[in-house]
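So the structure is just underneath, and the comments pick up after that.
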Amino acid sequence: MRAPDAESDTAQARAVARAADQALRATARHSGGRTAGVLGCTVAAAAAALAEPAVLGHTLDLLLRRDPSGPAWTLLCAAVIAAEVALDATTARLSGKVDGRSTARLRRLGLARLLRTAPHHAALHAPGETAARLTASAVEAGKVPTAVAHAVAALLPPLGAVVALLLIDLWTALAFLVGVPLLVLLLRTFARDTRTSVTRYQQVQLATAGRLVEALAGARTIAAAGTAHRERARILAQLPELGSEGRRMWQVFGGTSARSAALMPMLLYAVLAVGGVRLSAGAIGVGELLAAARYAGLAAGVGAVTGGLAAVVRGRAAARRTAVLLALPVLGHGPAELPEGGPGTLELRGVRVVRGGSTVLHDISLVIPGGATVAVVGRSGAGKTLFAAVAGRLTDPDAGQVLLDGVPLREVTAEALRREVGYAFDRPVLLGDTVRDAIGFGAGPGPGHEAIRAAARAAGAEAFVTRLPHGYGTRLADAPMSGGEIQRLGLARAFCHAGRLLVLDDATSSLDTVTAREVERALAHEVRPGTRIVVAHRLSSAVRADLVVWLDEGRVRATGTHEVLWQHDPAYRAVFAEGDPEEEGGQRMPPGAKEAAR
């Protein structure tokens with residue numbers, strides 16, 4: 001009996017395979033006209049290749065007999081050859097366009113799904129692997145529509161050649177058909193072995209790319225730790241396996257080529273031998289013998305068929321690598337709008353979140369009043385960040401629901417959700433060309449310059465921004481910033497787009513105590529009013545909050561004001577026991593100083 005995990009992996013692999021095939025079919029339809037053109041040109045070229053031996057043979061017989069129609073047939077030979085060359089050139093041109101369009105479509109589909117899924121799903125794959133899926137794998141998969149067209153067309157010359165041999169002379173055709181079962185066996189073995197080796201090669205390639213990107217991201221840490229040699233060994237650890245799989249692919253291809261190279265001359269010689277006997281008996285002419293020899297060569301064209309099959313196999317394997325992104329679940333949205341002028345009341349009803357088979361948030365039910373500032377506290381691993389993600393719908397709970405002003409977040413439109421729910425993170429990523437762009441980055445129309453400056457002042461960022469070479473117009477690449485300065489710009493972006501709900505996920509962790517207090521005061525008095533959820537590690541954040549939600553191992557252990565929890569529960573005080581002494585003189589802010597702090 002299979003283990004549940006093995007069955008789950010098998011089902012997932014089948015789902016990815018189905019998604020890959022569906023994506024390839026949709027991609028082929030996307031460039032349907034051009035793909036049909038490729039197929040038409042390749043088939044026409046194959047037809048010309050099939051016609052060529054017959055025309056050449058007949059022309060030779062006419063010339064040998066000095067028939068008056070010989071010169072006309074010679075021109076026909078030239079026309080057939082020219083048509084074949086022109087069709088091959090047209091096929092190559094169309095194939096390049098179809099490959100480019102197909103690759104671009106697969107990349108757009110993969111990127112769109114990656115951006116539409118919940119962040120924790122997107123983070124399942126290492127950045128290097130994701131990049132490889134959207135680049136090298138997409139390129140290989142994008143060749144499948146034309147590869148199929150070429151593979152179909154590659155079958156026509158052998159099949160047509162067999163028919164032509166039968167029409168020329170039955171005994172000559174039988175001499176060739178004796179070897180057909182060996183050709184079929186050769187093709188089946190090649191397809192099976194190629195699929196296995198290509199799939200494994202691409203898996204190792206993706207893993208190596210992922211390790212390389214990780215090392216590049218952590219270059220400073222590696223340099224400081226002096227572990228460059230160890231990282232180099234880690235990145236290249238699977239290089240022998242990559243080489244082994246690469247050699248295996250070439251061995252499969254080379255073995256097939258070698259066997260076909262031995263088989264095809266034997267079949268050709270058999271056809272020539274039987275054809276020679278038939279020529280001496282007067283059953284066929286010299287031109288027919290020439291045509292038979294040419295058709296035998298076409299009929300034994302295993303190289304073209306195996307090449308087409310190899311391209312399709314490689315493309316399908318690559319499509320499955322890209323389809324892993326296409327199989328990511330979409331964080332969908334509904335048609336509902338939030339009520340106009342709502343206060344931002346947030347309600348969690350029986351919210352449960354499971355990660356990796358373990359429950360991380362346990363059946364949380366609570367109501368956060370509109371306009372309140374709520375500090376979410378707890379020890380490391382208590383589920384604070386996941387709580388923050390669920391509150392603003394960066395992820396959906398596995399059970400229960402979250403409502404904002406009475407409307408389930410699942411039912412709210414994407415535009416309304418991101419217009420009214422804002423986030424600031426502990427390690428923000430700045431997007432845009434300039435500092436101004438980074439602060440104004442968000443859905444909807446961009447804010448004006450004064451709004452951007454006001455948000456920067458509230459986040460304590462304007463002082464260092466004005467010192468940059470071009471102020472708010474400074475390119476991010478030309479603006480070296482500390483972690484605290486980057487965090488201030490992240491806060492400014494959140495303040496600039498603050499709606500009725502603003503979630504600060506440890507967004508002041510890199511700020512000094514004085515700046516953090518200034519940000520807290522600005523949040524209370526200068527930023528658009530609304531509900532605030534602050535994932536807090538600083539005591540001052542809990543002191544200034546209207547309500548504290550205390551998480552312990554994924555459960556709400558208690559809610560209430562900081563003063564009450566501090567006075568009556570030593571375990572609550574212990575949550576901050578290992579925090580840095582953030583108040584003046586190294587003393588913690590006493591509960592009674594809340595109003596003064598505000």
Side-chain angles (χ1 to χ4, degrees), residues 118-119 338 342-349 351 353 360-361 364-380 382-397 400-409 412 417-428 458-459 487 490-491 493-509 511 516 519-525 527-552 554-562 565 575 598:
L338 293 170
T345 301
L346 186 70
E347 182 178 359
L348 285 75
R349 296 179 181 173
V351 167
V353 179
V360 183
L361 293 182
I364 295 177
S365 296
L366 59 87
V367 177
I368 297 174
T373 296
V374 178
V376 182
V377 305
R379 294 184 182 276
S380 178
K384 301 185 295 298
T385 292
L386 193 53
F387 179 95
V390 169
R393 205 181 175 225
L394 287 183
T395 187
D396 280 329
Q401 61 179 339
V402 182
L403 300 89
L404 183 60
D405 287 330
V407 182
L409 290 185
V412 178
L417 182 67
R418 292 304 153 218
R419 183 175 63 245
E420 295 294 342
V421 179
Y423 272 91
F425 303 102
D426 57 339
R427 285 177 286 184
Q487 198 167 68
L491 281 165
R493 193 203 69 80
F495 293 168
C496 199
H497 298 278
R500 69 183 73 190
L501 175 62
L502 182 59
V503 183
L504 306 183
D505 184 4
D506 203 15
T508 61
S509 58
L511 305 184
V519 168
E520 289 168 356
R521 292 191 186 100
L523 186 61
H525 302 293
V527 181
R528 172 183 166 183
T531 306
R532 319 291 193 215
I533 295 178
V534 182
V535 173
H537 291 88
R538 294 175 182 270
L539 180 63
S540 61
S541 298
V543 168
R544 293 186 175 90
D546 301 307
L547 178 71
V548 173
V549 175
W550 178 15
L551 293 181
D552 187 16
R555 293 180 171 84
V556 176
R557 179 161 176 174
T559 61
T561 63
H562 171 75
L565 294 174
V575 170
R598 284 180 170 172

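Values reported hereafter were calculated over all heavy atoms of this structure, with side chains retained and with hydrogens, waters and symmetry mates removed.
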If every non-hydrogen atom of [X] is compared with every non-hydrogen atom of [Y], which pair is closest and at what distance?
X: Leu409; Y: Val390; result: CD1-O, 4.3 Å
X: Gln487; Y: Asp426; result: NE2-O, 2.6 Å
X: Thr531; Y: Gly370; result: OG1-CA, 3.4 Å
X: Val503; Y: Ala388; result: CG1-CB, 3.6 Å
X: Ala542; Y: Val377; result: CB-CG1, 4.4 Å
X: Tyr423; Y: Leu502; result: N-CD1, 4.2 Å

Worked verdict on Val412 versus Leu338 for side chain to side chain contact (heavy atoms under 4.5 Å, CB included) | CA-CA 7 Å; Val412 178; Leu338 293 170; 3.9 Å; yes
For Arg349, what residues pass the side-chain hydrogen bond (donor to acceptor under 3.5 Å, both in side chains) criterion, not counting sequence neighbours?
-> Glu347
Quick one: list whatever passes side-chain hydrogen bond (donor to acceptor under 3.5 Å, both in side chains) with Arg500, sequence neighbours left out.
->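 Arg500 satisfies side-chain hydrogen bond (donor to acceptor under 3.5 Å, both in side chains) with Asp405, Glu420 once adjacent residues are dropped.
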Atom [atom1] of [X] and atom [atom2] of [Y]: how far apart are they, to the nearest 0.5 Å?
X: His497; Y: Arg418; atom1: NE2; atom2: CZ; result: 13.0 Å
X: Ser541; Y: Asp506; atom1: OG; atom2: CG; result: 9.0 Å
X: Ile364; Y: Leu348; atom1: CD1; atom2: CG; result: 7.0 Å
X: Arg493; Y: Phe425; atom1: CZ; atom2: CZ; result: 7.5 Å
X: Ser380; Y: His537; atom1: OG; atom2: NE2; result: 6.5 Å

Do [X] and [Y] have side chains that get closer than 4.5 Å, going by heavy atoms?
X: Leu504; Y: Arg532; result: no
X: Arg393; Y: Val402; result: no
X: Val549; Y: Leu366; result: yes
X: Leu539; Y: Val543; result: yes
X: Thr345; Y: Ile368; result: no
X: Phe387; Y: Leu551; result: yes
X: Val575; Y: Trp550; result: yes
X: Leu404; Y: Leu417; result: no

Kindly indicate, with the supporting measurements, whether the criterion side chain to side chain contact (heavy atoms under 4.5 Å, CB included) is fulfilled by Val548 and Thr561.
-> CA-CA 6 Å; Val548 173; Thr561 63; over 6 Å; no
Test side chain to side chain contact (heavy atoms under 4.5 Å, CB included) applied to Val376 and Ile533, step by step = CA-CA 7 Å; Val376 182; Ile533 295 178; 3.8 Å; yes
Between Lys384 (side chain) and Ala536 (backbone), is there a donor-acceptor pair under 3.5 Å?
->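 Not confirmed, Lys384 side chain does not pair with Ala536 backbone.
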Okay, side chain of Asp546, backbone of Thr373: is any donor-acceptor separation there less than 3.5 Å?
->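 Checked: pair present.
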Has Arg557 got more than 12 heavy atoms of other residues, nucleotides or ligands less than 6.0 Å from its CZ?
->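 Result for CZ/Arg557: enclosed.
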